[in-house]
Amino acid sequence: MRFKDKIVLITGGIRGIGAAISKSFLQEGAHVVVTYSQDQDQARRFQKELGPGGSNTTVHQADASDFDAMKALFDNTLEKFGRLDILVNNAGIRRDNLVMFMSESEWHDVLRVNLQGTFVCCKLALKPMIGQRWGRMINIVSPSGIMGRQGQANYAAAKGGVASFTKSLAREVAKIGITVNAVSPGVIETDMTRSLPEQTLAELKQSIPMGHFGRPEDVTGAVLFLASEGAYYITGQVVSVDGGLT
Amino acid sequence: MQTFLSEQEDLVGTLKELIIRTLRLEDVGPEDIVASEPLFGEGLGLDSIDALELVVAIEREYQVEIPDAEVGRRAFASINALADFVLEKGAGQQASDAVG
């Protein structure tokens with residue numbers, strides 16, 4: 001029970017890697033506040049999956065990039081629990097396209113949710129964490145943001161931006177007991193990857209030195225470690241969990 | 001007027017202690033902080049990161065809001081300026097009630 005009674009806020013926490021992170025914190029004794037953007041059916045399925053453990057979870061529909069909506073959620077969380085210990089920025093979208101065909105909205109939407117969403121939530125987490133002189137922020141990025149990827153210039157720009165933002169914010173608050181790190185999952189077995197064409201999957205596998213995809217729990221291991229007391233001297237880092245891809 | 005002045009003097013003393021406590025300033029006593037001198041840069045040698053902690057501490061203690069860097073610069077110009085800010089924005093209402 002490494003996180004007994006810790007208060008954790010996870011954006012985009014009801015599916016895939018986000019859901020796995022939410023469940024791992026719950027198993028380790030935390031109270032988890034989870035956001036999702038639209039899919040109410042998935043939110044209900046997620047809550048059902050949690051079973052009795054779900055009593056330590058609250059699930060809210062909120063756009064992570066909407067400052068006013070997120071401020072209301074943070075205020076509500078602070079009123080209820082009196083603190084916020086850990087923030088995981090996982091909310092993200094992709095609108096893949098080659099740059100020549102990419103619309104402005106495909107560019108802006110991806111930047112808004114992935115990059116602005118991270119800024120908004122980190123900014124809102126700062127005051128409570130500074131007041132506590134303790135906090136952990138973990139931003140989920142992507143190999144695209146490190147290496148670049150064709151068809152993902154918007155996503156790569158956003159995730160690369162989040163990585164740089166992570167390093168900058170880490171320097172701003174390092175003296176105050178707050179660490180800010182990023183985790184970069186490679187190709188992880190989720191519903192999204194399972195839906196890819198077989199040939200794409202085979203090509204992806206070939207590019208991974210370990211020769212296989214990661215599991216959601218491989219990512220949660222890194223996230224929970226960075227959130228733990230033992231990681232207090234690690235800040236401003238991007239930890240790749242990608243089987244050697246980057 | 002007398003009440004207001006003594007309230008401000010009390011607040012200056014309290015703010016000095018709050019700053020020492022919040023920033024864990026070792027070997028600094030309230031008497032070492034000159035109320036009219038700049039808080040940042042010279043004097044105590046505080047930096048902009050120290051300001052983050054001070055903003056949170058002042059907001060919590062006095063229920064005032066320092067919404068941006070410009071307001072912060074004015075509020076943290078000196079201890080005297082900070083006391084004026086707190087009296088005006090927060091406890092200021094109580095102070096004026098007391099004076100009135």
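Residue numbers start from 1 in every chain, and the chains themselves are labelled A, B, ... in the order their sequence lines are given, proteins ahead of strands.
The minimum heavy-atom distance between B:Arg60 and A:Lys127, with the atom names listed, is NH2-O, 4.5 Å.
Within 6.0 Å of CZ in A:Arg149 there are 12 or fewer heavy atoms belonging to other residues, nucleotides or ligands. When the shell of 6.0 Å around CZ of A:Arg171 is examined, it contains 12 or fewer heavy atoms from other residues, nucleotides or ligands. No more than 12 heavy-atom neighbours from other residues, nucleotides or ligands sit within 6.0 angstrom of CZ on A:Phe119. Heavy atoms of other residues, nucleotides or ligands lying less than 6.0 angstrom from CD of A:Gln38 number 12 at most.
In this structure, the portion of A:Lys175 lying under 4.5 Å from any heavy atom of chain B is its side chain and not its backbone. Using a 4.5 Å cut-off between heavy atoms, B:Thr22 contacts chain A through its backbone alone, with no side-chain atom that close.
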Practice prompt. List the steps, then state whether side chain to side chain contact (heavy atoms under 4.5 Å, CB included) holds for B:Ile49 with A:Ile176.
Written response: CA-CA 9 Å; B:Ile49 307 301; A:Ile176 315 175; 4.0 Å; yes
